[in-house]
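Below: the structure, in structure tokens.
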Amino acid sequence: MNCHASHIQSWDADAVTGSSGHLTIDLAALQRNYRKLSAAVAPASAAAVVKADAYGLGAEQVSKALHAQGCRHFFVAHLPEALKLRPLLPNDTHIFVLNGLQPGAEITCTNADVVPVLNSLEQFRRWSFTAEKLGRVFPAVLQFDTGMSRLGVPPQERTALAAELKGCGNLEILFIMSHVACADEADKKQNADQLAEMRVIAAEFAGLDVCFANSGGVFLGGDYHGVLARPGIALYGGAPTAGRYNPMEPVVRLEVAVIQTRTVPAGTRVGYGGAHVTSAKTRLATIAAGYADGLPRSLSDCGAVFYDGVRLPIVGRVSMDSITVDITALPEGTLSLGSLVEVLGPHQTLEDVAEAAGTISYEILTSLGRRYERRYR
Ligand SMILES: *Cc1c(COP(=O)(O)O)cnc(C)c1O
């Protein structure tokens, strides 16, 4: 009886509450990243891109922490994201919807004090028409396509738009913007091409402020900054420029609990499909996160987790709710039920996991599962 009681007490408290993964989000590091990006673009200012629930970290907590640092411009992708965020932020903030103005969303947008990024002449006309009907002046942002062919006013609509804007008294254009397709690849010629195109547009729409740089763009130099930068990934600790030193501080830490350990002889199959066969006597630990928790199945037999700085390779296929790792490198008895191993942290960056999985840090972050216990520091 005593023996059982002492075992229960030695467990991590979270094993008792049932949580098997801890996602720690360091809001102070996020704030330092924001200050660093603000300093890099000064005298321009820095907005925050908080789409997809702030890249999976929690749009509410992230936006409030950034507002406390002076951030007043927040970008989301979808209108429902903006509607959710609006009541959480003071009235001195602008919330912009990058994906544009959907037909029928005009009244919802204006009632919620959300600013649509107008991506076409048609969206411009509908927003202006609604403002006129209500006898109001609506704020708006115009996005132009400078070479990504994704979103924004296409080149062939610019002349008509410039003409209509001249006679339009019911829209206040806060700034014009565009998005750079290869900003994380500092040497790509397309960056300069897009910048040149943006300068042509700025001349056509003279007198309007420019918003241009994402995270990568911030580090392409002052030419790319305009008056407002729009970093996302760099705020969250991701590398702004591929393959270069990452000047940002990590914000996310992910630790996952061990839920079973075993020792198996050589020739033992591990996981779905029996895809992995041990080549020697091996100690294994199964941890409580899988592809449903955002650890891609492409990490099967190639990714790793860490404990105390020791690399523990993933063996066999990633399951939906668990992963099995080889813990032979650790002294026997080091890991037991409830021990936490590091998935993201000081020994393994977002970029490390992304590279092992064959993807980018953005996809790792935005896939982080909903089943982890989130802790904000
Ligand atoms: C997502 C997005 C950003 C932020 O990009 P990062 O590379 O994460 O800094 C900026 N602008 C637009 C239009 C976006 O879609």
Side-chain angles (χ1 to χ4, degrees), residues 30 33-34 36-38 40-41 44-57 59 62-63 66 71 73-79 81-82 85 94-101 115-120 123 140-153 174-186 188 190-191 194-195 197-198 201 210-221 224-244 246-252 350-351 354 359-368:
L30 169 84
N33 284 341
Y34 179 76
K36 186 164 215 169
L37 292 163
S38 297
V41 300
S45 33
V49 179
V50 294
K51 60 193 181 189
D53 201 25
Y55 291 41
L57 305 194
V62 162
S63 301
L66 294 177
C71 185
H73 300 85
F74 296 86
F75 287 87
V76 295
H78 299 275
L79 178 56
E81 295 179 313
L85 193 56
H94 286 297
I95 301 178
F96 305 98
V97 178
L98 289 166
N99 278 5
L101 183 65
V115 183
V117 170
L118 304 175
N119 286 324
S120 66
Q123 292 179 18
V141 169
L142 299 174
Q143 173 161 236
F144 294 93
D145 177 17
T146 53
M148 191 172 180
S149 313
R150 186 180 71 168
L151 287 172
V153 177
L174 302 179
F175 50 83
I176 60 175
M177 64 172 272
S178 187
H179 193 47
V180 186
C182 325
D184 61 328
E185 299 170 81
K188 268 265 181 96
Q190 187 172 340
N191 293 326
Q194 286 197 255
L195 177 61
E197 182 72 355
M198 193 66 204
I201 296 166
V210 171
C211 171
F212 199 40
N214 67 337
S215 297
V218 168
F219 295 93
L220 288 175
Y224 289 80
H225 294 170
V227 301
L228 183 69
R230 299 186 311 274
I233 195 77
L235 288 169
Y236 312 118
T241 313
R244 293 218 183 148
N246 180 2
M248 312 316 298
E249 262 188 71
V251 172
V252 180
L350 269 175
E351 281 73 24
T359 181
I360 54 175
S361 55
Y362 299 68
E363 196 177 17
I364 298 296
L365 268 190
T366 56
S367 308
L368 286 173

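Counting starts at 1 for both ligands and their atoms, following the listed order.
Atom numbering of ligand 1 starts at 1 in the shown order; those under 4.0 Å from a heavy atom of Y55 are 1 (C), 4 (C), 5 (O), 6 (P), 8 (O). Below 4.0 Å from some heavy atom of I233 lie the following atoms of ligand 1, by number and element: 6 (P), 8 (O), 9 (O). For ligand 1 and Y362, the ligand atoms under 4.0 Å from any heavy atom of the residue are 6 (P), 7 (O), 8 (O). For ligand 1 and K51, the ligand atoms under 4.0 Å from any heavy atom of the residue are 1 (C), 2 (C), 3 (C), 14 (C), 15 (O).
Only one option out of T366, L30, V50, V62 pairs with L57 in a side chain to side chain contact (heavy atoms under 4.5 Å, CB included); it is V62. The residue from L365, N33, V49 that alone fulfils the side chain to side chain contact (heavy atoms under 4.5 Å, CB included) condition with Y236 is L365.
Backbone and side-chain nitrogen or oxygen atoms of Q143 are examined, and none is located within less than 3.5 angstrom of a nitrogen or oxygen of ligand 1. Looking at G232 next to ligand 1, an N or O pair under 3.5 Å apart turns up.
Between R150 and ligand 1 there is a heavy-atom distance shorter than 4.0 Å. Taking 4.0 Å as the cut-off, P231 counts as a neighbour of ligand 1 on heavy-atom distance.
Side-chain contact between L85 and S63 is present, with heavy atoms from C-beta onward closer than 4.5 Å.
Taken to the nearest 0.5 Å, the NZ atom of K188 stands 12.5 Å off from the CG atom of L220.
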Q | Stepwise side-chain contact (heavy atoms from CB on, under 4.5 Å) test for E249 and K36 | A | CA-CA 10 Å; E249 262 188 71; K36 186 164 215 169; over 6 Å; no
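In this structure, the protein non-hydrogen atom closest to atom 9 (O) of ligand 1 is S215 OG, 2.5 Å.
Between A234 and S215, the shortest heavy-atom contact is N-OG, 3.1 Å.
Residue R230 touches ligand 1 through backbone and side chain together, judged by heavy-atom distances below 4.0 Å.
In this pair, H73 and F96 present their aromatic rings parallel. The plane angle is below 30°, not in the 30 to 60° band.
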